[in-house]
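Report on the following structure.
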Amino acid sequence: MHVPFLNVKESYEKISEQVDKAVLSVLRSGNYISGPEVQNFEDKFAKSVGANFSVGTGNGYDSLVLSLKALEIGRGDEVLVPTNTFIATWLAVSAVGAKPIPVEPDQETYTITADGCNKVLTRKSKAIIPVHLYGQPVDLKPIIRLAQDHGLKVIEDAAQAHGARYFNKPVGGLSDLTCWSFYPGKNLGALGDAGAVTGNDTELIDKVRFYANYGSEKKYDHKMLGINSRLDPIQAAILSVKLEHIDTWTNSRRKIAGRYLHALSHTNYILPTQIDNTSHVWHLFVIRSQKRNELCEFLDINNIQCLIHYPKPPHLQNAYKHLGYQRGTFPIAEHLSETVLSLPMCPHMTEEQNFYVIEKMLEFAQNS
Ligand SMILES: *Cc1c(COP(=O)(O)O)cnc(C)c1O
């Protein structure tokens with residue numbers, strides 16, 4: 001048996017008739033930038049994530065950059081970011097000229113907390129970017145309260161959390177702005193690069209929209225130093241189709257996660273925990289093991305594809321050498337990077353594949 005980590009082609013194949021039709025209709029429309037397909041997706045997406053407004057963007061990274069720009073965060077400002085995230089969260093802060101201030105996560109949930117944020121706040125702090133890592137919503141209320149007390153903005157990085165809920169409300173309209181990626185491997189994935197920003201403040205969302213379109217509301221009238229980062233209508237049409245299937249696919253992820261959690265509960269593996277009042281969407285199913293590298297090799301030999309999210313935290317990347325962080329500065333993130341392993345998690349994984357991974361995981365646990 002062979003178990004791929006994630007098969008994005010299969011998601012397309014399952015609904016190819018619908019997707020092909022949607023793509024063809026854009027090709028035949030003659031409208032290749034913005035327009036009705038984009039607006040249609042923006043409206044549907046906003047509704048699905050409980051936000052008043054949504055703006056399509058070029059990708060998840062741009063969504064973060066545009067949100068920071070719309071909130072007028074830049075040179076001289078500090079923005080709190082998790083130590084354990086995909087580097088895009090940090091890079092967006094750097095791109096607007098602000099300084100990323102690392103916040104260590106909780107050791108059990110791997111997400112940042114208000115207490116963690118409180119420890120690193122300074123007078124220069126302007127915003128917090130909580131990341132709903134692996135599909136697990138951050139405990140947001142205390143973070144929003146802390147932000148309000150100190151006059152900070154909250155921008156959620158929800159690139160891994162499509163469909164996730166917090167206190168029974170969807171992630172998407174809970175803070176100042178929420179940033180989405182539709183990178184093909186995300187829970188809601190386009191067939192190319194795409195992203196969005198959602199929120200409830202019409203002025204703020206318009207500002208994101210103008211920044212993303214050369215800083216112009218009207219053609220050839222440029223209010224600000226904008227960029228070009230628009231959602232492609234072909235991707236918008238594909239996303240509208242895929243949005244109809246996201247709940248089914250999320251349920252399938254939950255079923256797979258449930259089997260992993262149940263079957264591996266009496267082993268030495270450290271299993272993912274779920275924060276109270278959140279619903280996890282299992283973008284990734286991440287376990288921890290002291291013998292991570294051996295386990296990785298063992299699964300590989302048995303044709304099970306696993307990945308590491310993430311093998312090196314941003315503060316140890318060459319890109320951030322200028323911040324001067326040494327190994328040992330953020331021990332939680334460093335320890336996570338040495339012990340985490342993401343098991344195959346694909347909505348189209350069969351029960352047999354699921355049980356095969358479990359069987360091999362148990363075999364390794366018994367023999368090591
Ligand atoms: C994927 C991802 C991004 C970036 O999204 P792109 O669409 O690839 O630019 C940002 N943050 C997190 C946490 C991600 O997982």
Side-chain angles (χ1 to χ4, degrees), residues 5-6 8 41 45 49 54-69 79-96 100 102-103 105 109-112 127-138 140 143 154-164 171-172 175 177-198 208 211-212 227-232 234-236 238-239 242 253 272 280-286 307-315 317 319-320 333 336-337 340 342 345:
F5 181 75
L6 170 72
V8 286
F41 173 70
F45 186 66
V49 301
S54 158
V55 188
T57 66
N59 55 65
Y61 162 83
D62 283 353
S63 298
L64 291 162
V65 171
L66 292 163
S67 297
L68 288 160
K69 286 200 175 230
V79 178
L80 278 55
V81 293
T83 51
N84 60 326
T85 179
F86 179 54
I87 197 168
T89 321
W90 286 48
L91 290 175
V93 173
S94 303
V96 300
V103 179
T109 66
Y110 316 144
T111 54
I112 62 166
I128 305 173
I129 309 186
V131 178
H132 304 305
L133 198 69
Y134 307 151
Q136 161 71 78
V138 169
L140 210 54
I143 292 178
V154 175
I155 302 168
E156 290 162 76
D157 182 339
Q160 305 188 355
H162 313 82
V171 165
S175 64
L177 291 169
T178 304
C179 299
W180 304 89
S181 162
F182 306 119
Y183 177 85
K186 308 290 176 169
N187 286 26
L188 180 60
L191 302 181
D193 275 313
V197 179
T198 57
V208 172
Y211 258 120
I227 61 172
N228 175 3
S229 180
R230 299 174 294 223
L231 175 61
D232 181 325
I234 295 175
Q235 299 303 338
I238 294 167
L239 286 164
K242 283 195 149 188
R253 287 174 182 274
H280 200 310
V281 290
W282 304 105
H283 173 58
L284 297 171
F285 190 93
V286 178
L307 297 174
I308 296 167
H309 300 91
Y310 296 92
K312 195 198 258 187
H315 74 276
Q317 297 283 352
Y320 280 107
L336 288 175
S337 72
V340 290
S342 306
M345 176 49 82

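Keep in mind the model is a prediction, meaning the values are calculated, not measured. In each ligand, atom 1 is the first atom listed, and ligand 1 is the first ligand listed.
- Not counting sequence neighbours, H132 has no partner by the ring pair (Phe, Tyr, Trp, His ring centres under 6.0 Å) test.
- Inspection of the T57 and S229 side chains reveals no N or O donor paired with an N or O acceptor under 3.5 Å.
- The ring pair (Phe, Tyr, Trp, His ring centres under 6.0 Å) test applied to W90 returns Y320, not counting sequence neighbours.
- Listed by chain and residue number, F45, F182 satisfy the ring pair (Phe, Tyr, Trp, His ring centres under 6.0 Å) test with F41 (two or more places apart in sequence, or in another chain).
- For the atom pair NE2 (H280) and CG (L133), the distance works out to 8.5 Å, reported to the nearest 0.5 Å.
- Taking the six-membered ring for Trp and thresholds of 30 and 60 degrees, Y134 and Y110 have ring planes more than 60 degrees apart, a perpendicular arrangement.
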Show the distances, to 0.1 Å, for all pairs joining an N/O atom of ligand 1 and a protein N/O atom that are shorter than 3.5 Å, listing one pair per line.
{"from": "ligand 1", "atom 1": "5 (O)", "to": "S181", "atom 2": "OG", "distance (Å)": "3.2"}
{"from": "ligand 1", "atom 1": "7 (O)", "to": "G60", "atom 2": "N", "distance (Å)": "2.8"}
{"from": "ligand 1", "atom 1": "7 (O)", "to": "S181", "atom 2": "OG", "distance (Å)": "2.6"}
{"from": "ligand 1", "atom 1": "9 (O)", "to": "G60", "atom 2": "N", "distance (Å)": "3.3"}
{"from": "ligand 1", "atom 1": "9 (O)", "to": "Y61", "atom 2": "N", "distance (Å)": "2.9"}
{"from": "ligand 1", "atom 1": "11 (N)", "to": "D157", "atom 2": "OD1", "distance (Å)": "3.3"}
{"from": "ligand 1", "atom 1": "11 (N)", "to": "D157", "atom 2": "OD2", "distance (Å)": "2.8"}
{"from": "ligand 1", "atom 1": "15 (O)", "to": "Q160", "atom 2": "NE2", "distance (Å)": "2.8"}
{"from": "ligand 1", "atom 1": "15 (O)", "to": "K186", "atom 2": "NZ", "distance (Å)": "2.6"}

